[in-house]
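Structure first, then comments.
All values derive from a computational prediction rather than experimental measurement.
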Amino acid sequence: MKAAVEETRVTSAEFVAGAVDDASLPPPTLLEVAFAGRSNVGKSSLLNATMQRKGLARTSNTPGCTRQINVYEVRCSDGLSLRFVDLPGYGWAKRSKTERAQWQGMIEGYLQKRAGLRAVAVLVDVRRGVEEEERQLVDFLRQPRLVSDPKPMEIILVATKVDKVTASARKPALAVVNRNAGTRAIGFSAVTGEGREELWARIRYATLGVPPAV
């Protein structure tokens with residue numbers, strides 16, 4: 001019989017920095033997990049649910065709401081301390097081409113050069129599936145990084161908004177995401193909390209080397 005997974009309890013979570021480029025980020029004194037995805041994929045809602053906070057990461061119905069790299073320090077009841085890094089949304093954000101190009105350079109600079117970055121959660125809307133921009137991002141993340149730290153970076157695929165599809169359609173929708181991405185996605189709902197502990201298990205594996213419970 002499979003043992004129940006103990007809930008990860010976040011004792012503190014706070015916004016610590018908003019940066020417009022990698023140079024203006026705080027010193028990498030803690031290990032970091034970044035969150036990336038197209039605009040309106042539910043990234044802010046996922047962050048709030050994962051950190052057990054309401055409204056810490058700002059949510060909006062307007063695509064492209066996140067316009068900088070937002071950094072949060074998170075501490076858990078078991079002593080785990082790390083940073084969550086919210087990257088600007090890409091895709092169909094209603095911004096100029098120039099601004100979107102600046103965002104791309106900012107994101108790529110962070111992902112390539114940031115010491116202490118241990119994982120990137122790539123978010124896709126389960127209803128839209130994996131599209132070309134997600135494939136390009138995953139391919140980019142698999143390239144050698146411009147840091148001396150030899151530790152590999154974990155790529156965590158998360159299919160958001162699973163509560164928006166019917167129970168009968170959920171498994172086939174996730175199967176399509178898995179097939180198109182070539183890896184297994186975590187089905188996540190910020191509304192019901194589904195997938196939260198599985199996401200935390202992957203984060204612990206990336207930052208602490210603790211294998212997820214089978």
Side-chain angles (χ1 to χ4, degrees), residues 10-39 41-53 55-60 63-76 79-91 93 95-96 98-123 133-134 136-158 199-200 202-209:
V10 175
T11 55
S12 69
E14 60 180 342
F15 174 81
V16 295
V20 295
D21 55 37
D22 57 314
S24 55
L25 286 163
T29 54
L30 292 173
L31 296 182
E32 297 177 354
V33 176
F35 295 79
R38 72 172 53 246
S39 301
V41 75
K43 185 154 46 67
S44 296
S45 296
L46 177 144
L47 283 164
N48 286 328
T50 305
M51 295 187 291
Q52 295 178 319
R53 297 296 186 272
L56 182 57
R58 189 176 65 169
T59 61
S60 173
C65 179
T66 303
R67 302 182 64 180
Q68 59 187 6
I69 297 176
N70 290 325
V71 184
Y72 304 87
E73 287 194 4
V74 183
R75 291 177 172 79
C76 301
L80 175 63
S81 296
L82 72 164
R83 285 181 179 146
F84 283 177
V85 181
D86 183 8
L87 301 176
Y90 56 85
R95 305 293 178 190
S96 69
T98 300
E99 188 171 12
R100 286 159 67 178
Q102 290 172 343
W103 289 2
Q104 182 177 355
M106 175 172 62
I107 294 172
E108 291 182 357
Y110 171 81
L111 296 174
Q112 280 281 295
K113 302 174 184 177
R114 185 68 169 174
L117 177 61
R118 288 291 178 269
V120 178
V122 178
L123 278 56
E133 285 173 311
E134 284 83 17
Q136 290 177 2
L137 176 58
V138 170
D139 288 344
F140 178 81
L141 293 172
R142 287 173 175 161
Q143 296 175 10
R145 299 178 66 218
L146 304 177
V147 292
S148 58
D149 192 337
K151 293 185 179 179
M153 186 171 63
E154 185 85 1
I155 301 172
I156 306 172
L157 185 67
V158 184
L199 176 56
W200 267 113
R202 294 286 300 276
I203 289 171
R204 288 176 185 279
Y205 176 72
T207 56
L208 301 176

Inter-residue atom distance [X].[atom1] - [Y].[atom2], 0.5 Å rounding:
X: Thr50; Y: Ile203; atom1: OG1; atom2: CD1; answer: 6.5 Å
X: Leu56; Y: Ser44; atom1: CG; atom2: OG; answer: 10.0 Å
X: Leu141; Y: Glu154; atom1: CG; atom2: CD; answer: 11.5 Å
X: Gln112; Y: Leu117; atom1: CD; atom2: CG; answer: 10.5 Å
X: Glu108; Y: Leu146; atom1: CD; atom2: CG; answer: 11.0 Å
X: Ser12; Y: Gln52; atom1: OG; atom2: CD; answer: 11.5 Å

For Arg118, what residues pass the side chain to side chain donor-acceptor pair (under 3.5 Å) criterion, not counting sequence neighbours?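 Asp149.
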Which residues pass the side chain to side chain donor-acceptor pair (under 3.5 Å) test with Glu14, sequence neighbours left out? none
Write down the atom of [X], the atom of [Y], and the distance for their closest heavy-atom approach.
X: Lys43; Y: Gly89; value: NZ-N, 4.3 Å
X: Leu30; Y: Ser81; value: CD2-O, 4.2 Å
X: Leu25; Y: Ala19; value: CD2-CB, 3.7 Å
X: Tyr110; Y: Arg145; value: O-NH2, 4.5 Å

Is a donor on one side and an acceptor on the other found under 3.5 Å between the side chain of [X] and the backbone of [Y]?
X: Arg75; Y: Val10; result: no
X: Arg204; Y: Leu199; result: no
X: Asn48; Y: Ala57; result: yes
X: Arg53; Y: Met51; result: yes

Flag side-chain contact, heavy atom, 4.5 Å: [X] against [Y]:
X: Asn70; Y: Gln68; value: yes
X: Ile69; Y: Leu87; value: yes
X: Glu133; Y: Leu137; value: no

Val120 and Met153: CA distance, side-chain angles, deciding distance, side chain to side chain contact (heavy atoms under 4.5 Å, CB included) verdict: CA-CA 7 Å; Val120 178; Met153 186 171 63; 3.8 Å; yes
Between Arg142 and Ile155, does the side chain to side chain contact (heavy atoms under 4.5 Å, CB included) criterion hold? Intermediate values first, please. CA-CA 8 Å; Arg142 287 173 175 161; Ile155 301 172; 3.7 Å; yes
How would you list, by chain and number, every residue that makes a side chain to side chain contact (heavy atoms under 4.5 Å, CB included) with Ala121, sequence neighbours excluded? Phe35, Leu123, Ile156, Val158
Between Glu32 and Leu82, is a side chain to side chain contact (heavy atoms under 4.5 Å, CB included) present by the stated rule, with each step listed? CA-CA 6 Å; Glu32 297 177 354; Leu82 72 164; over 6 Å; no
With a 6.0 Å cut-off (strictly less than), is the heavy-atom count around OH of Tyr205, excluding the residue itself, greater than 12?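 Atom OH in Tyr205 is not packed in, count stays at 12 or less.
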Is the Tyr72 to Phe84 ring centre distance short of 6.0 Å? no
